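Here the structure is laid out as structure tokens; the discussion comes afterwards.
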Amino acid sequence: MSNKTFYVTTPIYYVNDVPHIGHAYTTVLADVLSRYHKLLGDEVFFLTGTDEHGQKVQQAAEKRGVTPQAHCDEYSERFKSAWKDLNIDFNHFIRTTDKAHVEYVQRKMEELWNKKLPSGESLIYDKEYSGWYSTSEERFFSEDELVDGKDPISNRAVEWITEKNYFFRMSAFQEKLIHYIEIEKPDFILPDFRKNEVLGFLKQPLRDLCISRPKSRLNWGITLPDPDYVAYVWVDALLNYASAVDGKKFKTIGNNVWPADFHLIGKDILTTHAIYWTTLLMALEMPLPKHILAHGWWMIDNARMSKTTGNVVSPLAMKDKYGVDAFRFFLIREMTMGYDATFSDAIFVTRLNASLANDVGNGLSRVLKLAEFLEFKLDYSQDNFSEYVRFGNSSASAQPQLFAYESLINTSRAVIRELPGMVEKVFLSFALDSHVGLFGDLNRYLEVSAPWKLAKGGEVEKRLLNNILWHCSEAMRIGFTLLHPVMPKKMDEALAALGWTFEESQKQLVWRDSGSFSLKSISPLFPRIDTKTIPVADAPGKTESTDPFSSVELRAVKILSVEDHPNAEALYVLQVDAGGETRTVCAGLRKHLTKEELIGKMGVLVANLKPASLRGVMSQGMMLAADSEGGKLSLANPESAQPGDAITAEGLESHPKPQINLKDFEKCPLAAKGGKVHYKGKELRSPHGAVLAQAPDGAVVK
RNA sequence: GGCGGGUUAGCUCAGUUGGUUAGAGCAGCGGAAUCAUAAUCCGUUUGUCCGGGGUUCAAAUCCCUGACCCGCUACCA
């Protein structure tokens, strides 16, 4: 048909992970997309797999008392079997411990090691490197990424390590990358707003990428040209997309499978793919992938799905509960590309009942039941269409029927015609809607032509009944065929009820003018789910309307010392006495106040603010300061308070949370009024007096 | 703080280059029908298209401005 090729990938999943709805979504999306391409006549290569190197794997294996390889062999199966259950038809399942992959990575690394830039600089260089290393995340964090001295992702301790490592001169490709994303291939990163994010990120100088890990720390990995080192897991993992198809060619055209047409990924690994992977390929002088599609996350009842909160939706559980195909349909239908989508039983059931049970399944049942009157045999050719007009002896009374008939046939044709565009743009949600919409036309056609009235009539009526049911069957055949990529098993069943196989039907993906059907009765295709057993509407979750300010903890503090921030022109680093403890706080006061104006003074500290590292120095809180004339800031002054005194708003109960975000605090508008600080008109006080601010009325305090 | 995106029916969202009475699905309400899976079909929402200003013969659509929400990023503190 189209004689094109299509290579699609999912990320390779970390072998220690338990398959969840996020993995399932990407994989189902890849499967549906590749089945659509096959339906359109393309030759497809669909790759998925598991990422098996790294410290966590090594540790997990040790814990279980098995070799890392044995551990991977076993855990990798969990993904394979999950995909089998979800009817995923991949061409290849790559494992980064595959011999071919390991050798490929080594070969490519060798190549990198020997390559030089036009400037004569080598692509790879080694450097003594010191940094905070997190064992659990297997990477270094810069000082300012740390939270409370711990790694910000897993919140585990980090250690300061100095070691030699190898770096990839990623920075040399920055301009080329920007040009590629912006000009050469504007649809490289999809959706568009993600592209803009990447371009925004690229406005700052790109740092070179550390691509090695010393074996002394980690030996479960791929050895680099320097035998004392293994490859950084991302380098290892990203290369899977190319290694899996190294030397492979498409049969139809004979071109190489690489480059990929689509890398399907979650939005959390966009930087890695758009920047690391792309520049790496540039360095290797390999063709670049054509599209990177970053989809959103699944929210479970409006909370981000996460392992820690335990609201992981297991794809296997969904399969058992509602059936594989309904689950696949829901995933593809519900997520608008790029945005987050919400998963809940209520939404699922509503969607399933409304689209699949009521429209599609019930439509088939109606036709099958009526076909009994004709012993399930339908014959038709365009010629006996004129019987419409004869029916009822008046063309006027046949008008609604004609209209419904034309609508049915036109929709059928339109849906076929529009499919390639939908698939190309990955507008699958739209496509599904229009496919289901075809069954809406079918139901309307049945309603208007009321074939059940004809069932007990004579020859002429039977003839007409035959024609109507044939039209319906033909429309359904097209609908089922188009829905097949999403719901292969159910659509096989449905097509079988029409006396067709998918393979035969896809060869005739067109509204036919004549032919015959040999139908057979089947049990309901998508049984309706009783909503009584399932909570229907999501309660909009009443959030109790406590004042945001009550969760804030303010404390009077005394400034002990003031230093210039070593690395930030606008910041001071303060040591403050917060009553029994000394805290380090960064303050953006350097342009406003001298050291002398600060030392020994009292101030107000937002004490339960989540600590953040600012340009390398941890700040354990934030000093309150008021805007005053001329854009100057002045410190809020808790009158005659002692260090450690709690500051509260008059008449407002204070229930500080252990930790709040800056955003939470920003929801609390503090303002000066009459030389004192107020929150929503309430005076801020310590036990010993008000909090003063040298600022005009209405000045913002923060 | 910077950049980007958003705000359209009770809910989830479409609305192409500005152009007739602003749409779909779901939910609700009323009716019809009885072939079918308590399914279907028809009708039904007086929507300040977030507010304010502007350009235009004409703005949901373009410009300015304000509010709120979200994403990325930061010498946020």
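Small disclaimer: the values here were computed from a predicted structure and weren't measured. Each chain gets a letter, A, B and so on, in the order its sequence line appears, and its residues count up from 1.
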Nucleic acid contacts - residues 185-198 of chain A versus RNA chain B, non-hydrogen atoms under 4.0 Å
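Heavy-atom contacts with RNA chain B come from A/Arg194, A/Asn196, A/Glu197.
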Tell me if a side-chain donor or acceptor on A/Arg590 pairs with a main-chain N or O of A/Leu571 at a distance below 3.5 Å.
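Yes; judged by distance alone, with no hydrogens or angles, the pair exists.
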Compare all side-chain heavy atoms of A/Leu624 with those of A/Val606 and state whether any distance is below 4.5 angstrom.
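In short, these two side chains touch, coming nearer than 4.5 Å.
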Side chains of A/Leu574 and A/Met623, heavy atoms from C-beta outward: is any pair under 4.5 Å?
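When only atoms from C-beta onward are counted, A/Met623 and A/Leu574 do touch, with a gap below 4.5 Å.
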Pick base, sugar-phosphate or nothing for [X], based on heavy-atom distances below 4.0 Å to the nucleic acid.
X: A/Gly621; value: base
X: A/Gly200; value: nothing
X: A/Pro451; value: nothing
X: A/Leu589; value: nothing
X: A/Phe373; value: nothing

Using Watson-Crick pairs (N1 to N3, plus N6-O4 or O6-N4) and G-U wobble pairs, both distances under 3.5 Å, which stems of at least 3 pairs involve RNA chain B?
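Stem segments, range with range: B:1-7 with B:67-73, B:10-13 with B:23-26, B:28-32 with B:40-44, B:50-54 with B:62-66.
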What interatomic distance, in whole Å, is found between [atom1] of [M] and the corresponding atom of [N]?
N: B/rU40; M: B/rU46; atom1: C1'; result: 30 Å
N: B/rG47; M: B/rG10; atom1: C1'; result: 11 Å
N: B/rG23; M: B/rU61; atom1: C1'; result: 15 Å
N: B/rG54; M: B/rA60; atom1: P; result: 15 Å
N: B/rA38; M: B/rU44; atom1: P; result: 28 Å
N: B/rG25; M: B/rU21; atom1: P; result: 22 Å
N: B/rG51; M: B/rU8; atom1: C1'; result: 15 Å
N: B/rC62; M: B/rC49; atom1: P; result: 16 Å

From [atom1] of [X] over to [atom2] of [N], roughly how many Å is that when rounded to an integer?
X: A/Leu368; N: B/rA36; atom1: CG; atom2: C1'; answer: 10 Å
X: A/Lys462; N: B/rC35; atom1: NZ; atom2: C1'; answer: 14 Å
X: A/His565; N: B/rA74; atom1: NE2; atom2: C1'; answer: 13 Å
X: A/Leu446; N: B/rA32; atom1: CG; atom2: C1'; answer: 16 Å
X: A/Phe330; N: B/rU12; atom1: CZ; atom2: C1'; answer: 11 Å
X: A/Arg351; N: B/rC11; atom1: CZ; atom2: P; answer: 16 Å
X: A/Tyr339; N: B/rG6; atom1: OH; atom2: C1'; answer: 7 Å
X: A/Ile347; N: B/rU12; atom1: CD1; atom2: P; answer: 9 Å

Scoring nucleotides 40-45 of chain B by protein non-hydrogen atoms under 4.0 Å (B base, S sugar-phosphate only, - none) yields BSS---
Contacts of A/Trp470 that satisfy side chain to side chain donor-acceptor pair (under 3.5 Å) - sequence neighbours left out
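Once residues adjacent in sequence are excluded, A/Trp470 has no partner under the side chain to side chain donor-acceptor pair (under 3.5 Å) criterion.
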Taking side chain to side chain donor-acceptor pair (under 3.5 Å) as the definition, give me every residue that meets it alongside A/Asp208, ordered by chain and number, with sequence neighbours left out.
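Testing A/Asp208 for side chain to side chain donor-acceptor pair (under 3.5 Å), a comparison that skips the adjacent residues, returns A/Tyr125, A/Ser171.
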State which of [options] makes the closest approach to the side chain of [X].
X: A/Lys369; options: B/rC75, B/rU37, B/rA36; result: B/rA36
X: A/Ala568; options: B/rU34, B/rU37, B/rC75; result: B/rC75
X: A/Leu571; options: B/rC75, B/rU37, B/rC26; result: B/rC75
X: A/Pro524; options: B/rC75, B/rC35, B/rU37; result: B/rU37
X: A/Gln204; options: B/rU73, B/rA39, B/rC35; result: B/rU73
X: A/Arg615; options: B/rC3, B/rU73, B/rC75; result: B/rC75
X: A/Lys203; options: B/rC35, B/rC3, B/rA39; result: B/rC3

Taking NZ, NE, NH1 and NH2 as the nitrogens, is one of them in [X] or [Y] under 4.0 Å from a carboxylate oxygen of the other?
X: A/Lys185; Y: A/Asp187; value: yes
X: A/Lys321; Y: A/Asp345; value: yes
X: A/Arg555; Y: A/Glu581; value: yes

Suppose we screen for side-chain contact (heavy atoms from CB on, under 4.5 Å). Which residues come up paired with A/Ser434, at least two apart in sequence or across chains?
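Result, side-chain contact (heavy atoms from CB on, under 4.5 Å) vs A/Ser434: A/Val415.
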Rounded to the nearest 0.5 Å, what separation is found between the [atom1] atom of [X] and the [atom2] atom of [Y]?
X: A/Glu563; Y: A/Thr584; atom1: CD; atom2: OG1; value: 10.5 Å
X: A/Cys586; Y: A/Arg615; atom1: SG; atom2: CZ; value: 12.0 Å
X: A/Thr272; Y: A/Trp277; atom1: OG1; atom2: CH2; value: 12.5 Å

Find which nucleotide of RNA chain B each of A/Ala357 and A/Lys267 is nearest to by heavy atoms, and output the residue with the more 5' nucleotide.
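This one resolves to A/Ala357.
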Counting only heavy atoms from other residues, nucleotides and ligands, does the tally under 6.0 Å from NZ of A/Lys195 exceed 12?
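It does: A/Lys195 NZ has more than 12 such atoms within range.
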Walk me through it: do A/Arg366 and A/Asn443 pass the test side chain to side chain donor-acceptor pair (under 3.5 Å)?
CA-CA 9 Å; A/Arg366 300 178 83 174; A/Asn443 277 317; 2.9 Å; yes
